[in-house]
Amino acid sequence: MERIFGRPIVTQEEMRARIKELGKQITSDYTGKDLVLVGVLKGAYAFYADLARAIRIPVRVDFIVVTSYSKAKTSGKVKMVTELTEDIEGKDVLLVEDIVDSGLTVRYLVKTLAKRKPRTIKVCTLLSKPERRTIDVAIDYVGFKIPNQYVVGYGLDYEQKYRNLPYLAVLDKVGDQE
(Lines give C-alpha, C1' and ligand atoms only; values in the text may rest on other atoms or scores of the structure.)
Protein backbone atom coordinates (compact mmCIF):
# COMPACT_ATOMS: atom_id res chain seq x y z
CA MET A 1 0.00 0.00 0.00
CA GLU A 2 1.38 3.41 -0.97
CA ARG A 3 1.59 5.87 1.89
CA ILE A 4 2.92 9.34 2.39
CA PHE A 5 5.36 10.17 5.12
CA GLY A 6 5.56 13.85 5.85
CA ARG A 7 5.35 16.37 8.61
CA PRO A 8 2.86 19.24 8.71
CA ILE A 9 4.39 22.59 7.81
CA VAL A 10 1.18 24.69 7.83
CA THR A 11 -1.92 23.53 9.69
CA GLN A 12 -5.48 23.89 8.50
CA GLU A 13 -6.13 26.48 11.23
CA GLU A 14 -3.09 28.55 10.22
CA MET A 15 -4.25 28.54 6.61
CA ARG A 16 -7.79 29.60 7.52
CA ALA A 17 -6.50 32.53 9.58
CA ARG A 18 -4.04 33.70 6.91
CA ILE A 19 -6.57 33.39 4.07
CA LYS A 20 -9.05 35.45 6.08
CA GLU A 21 -6.36 38.17 6.43
CA LEU A 22 -5.59 38.03 2.70
CA GLY A 23 -9.31 38.30 1.91
CA LYS A 24 -9.62 41.43 4.05
CA GLN A 25 -6.58 43.04 2.38
CA ILE A 26 -7.77 42.18 -1.14
CA THR A 27 -11.27 43.44 -0.33
CA SER A 28 -9.78 46.74 0.85
CA ASP A 29 -7.46 47.04 -2.16
CA TYR A 30 -10.11 46.25 -4.78
CA THR A 31 -13.28 47.88 -3.41
CA GLY A 32 -14.94 49.73 -6.29
CA LYS A 33 -12.93 47.87 -8.95
CA ASP A 34 -13.90 45.21 -11.49
CA LEU A 35 -11.94 42.27 -10.08
CA VAL A 36 -11.40 38.99 -11.94
CA LEU A 37 -9.86 36.16 -9.93
CA VAL A 38 -7.89 33.85 -12.21
CA GLY A 39 -7.12 30.54 -10.54
CA VAL A 40 -4.22 28.43 -11.76
CA LEU A 41 -5.36 24.82 -11.80
CA LYS A 42 -4.95 22.23 -10.55
CA GLY A 43 -2.83 23.19 -7.56
CA ALA A 44 -4.59 26.39 -6.53
CA TYR A 45 -8.13 24.98 -6.41
CA ALA A 46 -8.46 24.68 -2.61
CA PHE A 47 -6.73 28.00 -1.87
CA TYR A 48 -8.68 29.74 -4.66
CA ALA A 49 -12.06 28.60 -3.34
CA ASP A 50 -11.29 29.64 0.24
CA LEU A 51 -9.78 32.95 -0.86
CA ALA A 52 -12.76 33.79 -3.09
CA ARG A 53 -15.10 33.24 -0.14
CA ALA A 54 -12.92 35.47 2.07
CA ILE A 55 -13.13 38.40 -0.37
CA ARG A 56 -16.15 40.54 0.51
CA ILE A 57 -16.74 42.33 -2.80
CA PRO A 58 -18.32 41.04 -6.02
CA VAL A 59 -15.73 39.23 -8.16
CA ARG A 60 -15.68 37.43 -11.47
CA VAL A 61 -14.08 33.99 -11.45
CA ASP A 62 -12.09 32.19 -14.10
CA PHE A 63 -9.47 29.47 -14.33
CA ILE A 64 -6.54 28.48 -16.46
CA VAL A 65 -4.61 25.25 -16.55
CA VAL A 66 -0.87 25.35 -17.11
CA THR A 67 1.81 22.77 -16.74
CA SER A 68 5.54 22.94 -16.19
CA TYR A 69 6.04 19.66 -14.37
CA SER A 70 6.60 16.11 -15.50
CA LYS A 71 6.37 13.65 -12.64
CA ALA A 72 7.65 15.67 -9.64
CA LYS A 73 10.25 17.67 -11.58
CA THR A 74 9.93 20.93 -13.44
CA SER A 75 10.50 20.77 -17.17
CA GLY A 76 11.57 24.41 -17.33
CA LYS A 77 8.90 25.06 -19.98
CA VAL A 78 5.44 26.42 -19.20
CA LYS A 79 2.54 25.29 -21.36
CA MET A 80 -0.97 26.75 -21.34
CA VAL A 81 -3.46 23.87 -21.40
CA THR A 82 -6.70 25.90 -21.22
CA GLU A 83 -7.61 29.52 -21.89
CA LEU A 84 -9.65 32.08 -19.98
CA THR A 85 -13.37 32.27 -20.61
CA GLU A 86 -13.73 35.83 -19.22
CA ASP A 87 -12.76 38.93 -21.17
CA ILE A 88 -10.22 40.69 -18.92
CA GLU A 89 -9.63 43.79 -21.03
CA GLY A 90 -9.86 46.86 -18.79
CA LYS A 91 -10.42 44.78 -15.66
CA ASP A 92 -8.30 44.23 -12.57
CA VAL A 93 -6.89 40.69 -12.60
CA LEU A 94 -5.67 38.82 -9.54
CA LEU A 95 -3.76 35.70 -10.53
CA VAL A 96 -4.17 33.09 -7.77
CA GLU A 97 -1.34 30.54 -7.54
CA ASP A 98 -0.68 27.67 -5.17
CA ILE A 99 3.10 28.14 -4.99
CA VAL A 100 5.76 30.34 -6.52
CA ASP A 101 9.21 28.82 -6.51
CA SER A 102 11.38 29.57 -9.58
CA GLY A 103 9.05 32.32 -10.79
CA LEU A 104 8.95 30.91 -14.32
CA THR A 105 5.22 30.13 -14.36
CA VAL A 106 4.21 33.47 -12.85
CA ARG A 107 6.36 35.42 -15.31
CA TYR A 108 4.86 33.46 -18.22
CA LEU A 109 1.29 33.95 -17.00
CA VAL A 110 1.65 37.68 -16.30
CA LYS A 111 3.16 38.25 -19.76
CA THR A 112 0.47 36.12 -21.43
CA LEU A 113 -2.41 37.78 -19.58
CA ALA A 114 -0.99 41.28 -20.19
CA LYS A 115 -1.56 40.75 -23.93
CA ARG A 116 -5.31 40.81 -23.17
CA LYS A 117 -5.01 44.39 -21.90
CA PRO A 118 -6.29 44.19 -18.32
CA ARG A 119 -6.21 47.40 -16.28
CA THR A 120 -3.93 45.74 -13.72
CA ILE A 121 -2.48 42.30 -13.00
CA LYS A 122 -1.40 41.29 -9.52
CA VAL A 123 -0.32 37.95 -8.09
CA CYS A 124 -1.53 36.18 -4.96
CA THR A 125 0.10 32.92 -3.88
CA LEU A 126 -0.52 30.62 -0.96
CA LEU A 127 3.16 29.68 -0.76
CA SER A 128 6.40 31.35 -1.76
CA LYS A 129 9.82 29.69 -1.85
CA PRO A 130 12.21 32.64 -2.13
CA GLU A 131 15.27 30.32 -1.99
CA ARG A 132 14.20 28.72 -5.29
CA ARG A 133 13.57 31.98 -7.15
CA THR A 134 15.57 32.12 -10.39
CA ILE A 135 13.44 34.85 -11.97
CA ASP A 136 12.53 38.07 -10.20
CA VAL A 137 8.73 38.29 -10.15
CA ALA A 138 6.40 40.58 -8.23
CA ILE A 139 4.17 38.77 -5.76
CA ASP A 140 1.62 41.12 -4.27
CA TYR A 141 -0.01 38.82 -1.72
CA VAL A 142 1.77 35.92 -0.02
CA GLY A 143 0.13 33.45 2.32
CA PHE A 144 3.30 31.84 3.67
CA LYS A 145 7.01 31.86 2.89
CA ILE A 146 8.35 28.33 3.19
CA PRO A 147 11.80 26.74 2.96
CA ASN A 148 12.97 24.85 -0.10
CA GLN A 149 11.19 21.58 0.64
CA TYR A 150 8.69 19.59 -1.40
CA VAL A 151 5.20 20.11 0.04
CA VAL A 152 1.87 18.43 -0.60
CA GLY A 153 -1.70 18.94 0.50
CA TYR A 154 -4.32 21.67 0.20
CA GLY A 155 -4.20 21.37 -3.59
CA LEU A 156 -0.50 20.64 -4.04
CA ASP A 157 0.38 17.19 -5.27
CA TYR A 158 2.99 14.52 -5.73
CA GLU A 159 2.28 12.63 -8.96
CA GLN A 160 -1.34 13.92 -8.86
CA LYS A 161 -1.94 12.54 -5.36
CA TYR A 162 -2.33 14.11 -1.88
CA ARG A 163 -4.10 17.28 -3.10
CA ASN A 164 -6.94 16.44 -0.72
CA LEU A 165 -4.93 16.75 2.51
CA PRO A 166 -6.52 19.56 4.57
CA TYR A 167 -3.07 20.90 5.59
CA LEU A 168 0.39 21.28 4.03
CA ALA A 169 3.02 18.66 4.70
CA VAL A 170 6.68 18.37 3.79
CA LEU A 171 7.10 15.36 1.58
CA ASP A 172 9.77 13.17 3.12
CA LYS A 173 9.30 9.86 1.37
CA VAL A 174 6.83 8.08 -0.86
CA GLY A 175 6.85 4.41 -1.63
CA ASP A 176 5.33 1.04 -1.02
CA GLN A 177 4.94 0.47 2.68
CA GLU A 178 3.18 -2.24 4.63
Side-chain angles (χ1 to χ4, degrees), residues 6-66 68 78 84-86 88 91-114 116 118-133 135-157 162-170:
R7 61 191 192 298
I9 190 168
V10 180
T11 67
Q12 193 172 9
E13 293 76 26
E14 290 170 324
M15 279 189 290
R16 281 188 187 132
R18 182 65 183 127
I19 291 167
K20 187 175 179 181
E21 291 171 5
L22 288 170
K24 283 182 183 178
Q25 185 62 53
I26 292 165
T27 298
S28 174
D29 293 349
Y30 286 95
T31 295
K33 297 181 179 173
D34 196 359
L35 180 59
V36 180
L37 294 180
V38 176
V40 182
L41 297 177
K42 298 178 185 173
Y45 82 90
F47 173 52
Y48 181 95
D50 288 346
L51 181 66
R53 286 189 293 263
I55 296 171
R56 299 295 183 208
I57 56 172
V59 299
R60 297 171 194 267
V61 299
D62 209 342
F63 300 92
I64 53 176
V65 178
V66 297
S68 65
V78 180
L84 291 175
T85 58
E86 286 283 323
I88 62 170
K91 296 177 176 68
D92 294 287
V93 171
L94 184 59
L95 186 64
V96 181
E97 267 279 29
D98 56 350
I99 188 166
V100 177
D101 47 30
S102 71
L104 182 68
T105 301
V106 167
R107 180 183 69 178
Y108 170 82
L109 290 174
V110 169
K111 282 184 175 185
T112 300
L113 294 175
R116 296 171 187 229
R119 193 171 86 75
T120 62
I121 301 175
K122 291 192 176 182
V123 177
C124 178
T125 187
L126 176 62
L127 304 172
S128 176
K129 284 186 183 177
E131 290 175 52
R132 294 254 309 141
R133 203 84 74 242
I135 296 169
D136 189 27
V137 292
I139 305 171
D140 304 280
Y141 306 95
V142 175
F144 301 92
K145 288 183 182 177
I146 62 169
N148 186 19
Q149 297 174 305
Y150 201 96
V151 295
V152 295
Y154 202 67
L156 287 89
D157 74 298
Y162 312 112
R163 291 185 194 275
N164 59 317
L165 292 176
Y167 55 87
L168 290 162
V170 173

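Quick caveat, the model's predicted, so the values are computed rather than measured.
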>> I'd like to know if the side chain of Arg163 and the backbone of Gly155 have a donor-acceptor N/O pair within less than 3.5 Å.
In response: yes
> Mind checking what makes ring-ring contact (aromatic ring centres under 6.0 Å, His included) contact with Tyr48, not counting sequence neighbours?
Replying inline: Phe63
>> For Thr31, give me all partners under side chain to side chain contact (heavy atoms under 4.5 Å, CB included), at least two apart in sequence or on another chain.
In response: Thr27, Ile57
> Taking atom CZ of Arg16 and atom OG1 of Thr11, what is their separation to the nearest 0.5 Å?
Replying inline: 9.0 Å
> What distance do Ile139 atom CD1 and Thr125 atom OG1 have between them, rounded to the nearest 0.5 Å?
Replying inline: 6.0 Å
> What residues, two or more places apart in sequence or in another chain, satisfy side chain to side chain contact (heavy atoms under 4.5 Å, CB included) together with Lys145?
Replying inline: Ser128, Pro130, Val142
> For the atom pair OG1 (Thr120) and CG (Leu94), what is the distance rounded to the nearest 0.5 Å?
Replying inline: 8.5 Å
> At their closest point, which heavy atom of Tyr154 faces which heavy atom of Ala46, and how far apart are they?
Replying inline: OH-O, 3.6 Å
> Atom CZ of Arg132 and atom CD1 of Ile146: how far apart are they, to the nearest 0.5 Å?
Replying inline: 10.5 Å
>> Would you say that more than 12 heavy atoms from the other residues, nucleotides or ligands in this model lie under 6.0 Å from the NZ of Lys42, or not?
In response: no
>> Could you work out, with salt bridge (Lys or Arg N to Asp or Glu O under 4.0 Å) as the rule, every residue matching Arg107, not counting sequence neighbours?
In response: none
> Measuring from Ile19:CD1 to Leu51:CG, what's the distance to the nearest 0.5 Å?
Replying inline: 7.0 Å
>> Within a 6.0 Å radius of atom CG on Asp136, are there more than 12 heavy atoms belonging to other residues, nucleotides or ligands?
In response: no
>> Do Val10 and Phe144 have side chains that approach each other closer than 4.5 Å (heavy atoms only, starting at C-beta)?
In response: yes
> With a 4.5 Å limit on heavy-atom distance, are the side chains of Pro147 and Lys129 in contact?
Replying inline: no
> Residues in salt bridge (Lys or Arg N to Asp or Glu O under 4.0 Å) with Arg53, at least two apart?
Replying inline: Asp50
>> As a quick check of understanding, evaluate salt bridge (charged side-chain N to carboxylate O under 4.0 Å, His left out) for Arg60 and Asp34, giving each step before the final call.
In response: CA-CA 8 Å; Arg60 297 171 194 267; Asp34 196 359; 3.0 Å; yes
> Is there a donor-acceptor contact under 3.5 Å from the side chain of Asp62 to the main chain of Leu84?
Replying inline: no
> Only one of Val93, Val123, Ile121, Val96 forms a side-chain contact (heavy atoms from CB on, under 4.5 Å) with Val38, so which one is it?
Replying inline: Val93
> Is the shortest heavy-atom distance from the side chain of Leu165 to the side chain of Val152 under 4.5 Å?
Replying inline: yes
>> What I want to find out is whether Asp92 reaches Lys33 closely enough, with some N-O distance under 4.0 Å, to be called a salt bridge.
In response: no
>> I'd like to check Met15 versus Leu168 (side-chain heavy atoms, cut-off strictly below 4.5 Å). Are they in contact?
In response: yes
> Which atom names give the shortest non-hydrogen contact between Arg133 and Val100, and what distance separates them?
Replying inline: NH1-O, 3.0 Å
> Can we say Lys122 and Asp29 salt-bridge, meaning some charged N sits less than 4.0 Å from an Asp/Glu carboxylate O?
Replying inline: no
>> Does any part of the side chain of Leu95, heavy atoms only, come nearer than 4.5 Å to the side chain of Val40, both counted from C-beta?
In response: yes
> Looking at residues at least two apart in the chain, or sitting in another chain, which of them share a salt bridge (Lys or Arg N to Asp or Glu O under 4.0 Å) with Glu21?
Replying inline: Arg18
> To the nearest 0.5 Å, what is the distance between CD1 (Ile64) and OG1 (Thr85)?
Replying inline: 11.0 Å
> So, for Val78 and Tyr108, which heavy atoms are closest and what is the spacing to 0.1 Å?
Replying inline: CG1-CD2, 3.2 Å
> Are the side chains of Cys124 and Asp140 in touch, meaning some heavy atoms are under 4.5 Å apart?
Replying inline: no
> Is any side-chain heavy atom of Tyr141 closer than 4.5 Å to a side-chain heavy atom of Leu22?
Replying inline: yes
> What are the two closest non-hydrogen atoms of Glu86 and Val61, and how far apart are they?
Replying inline: CG-O, 3.9 Å
> Is there side-chain contact between Ile99 and Leu126, with heavy atoms separated by less than 4.5 Å?
Replying inline: no
>> Set out, in order, the CA-CA distance, both residues' side-chain angles and the distance that settles side chain to side chain contact (heavy atoms under 4.5 Å, CB included) for Leu35 and Lys91, then state yes or no.
In response: CA-CA 6 Å; Leu35 180 59; Lys91 296 177 176 68; over 6 Å; no
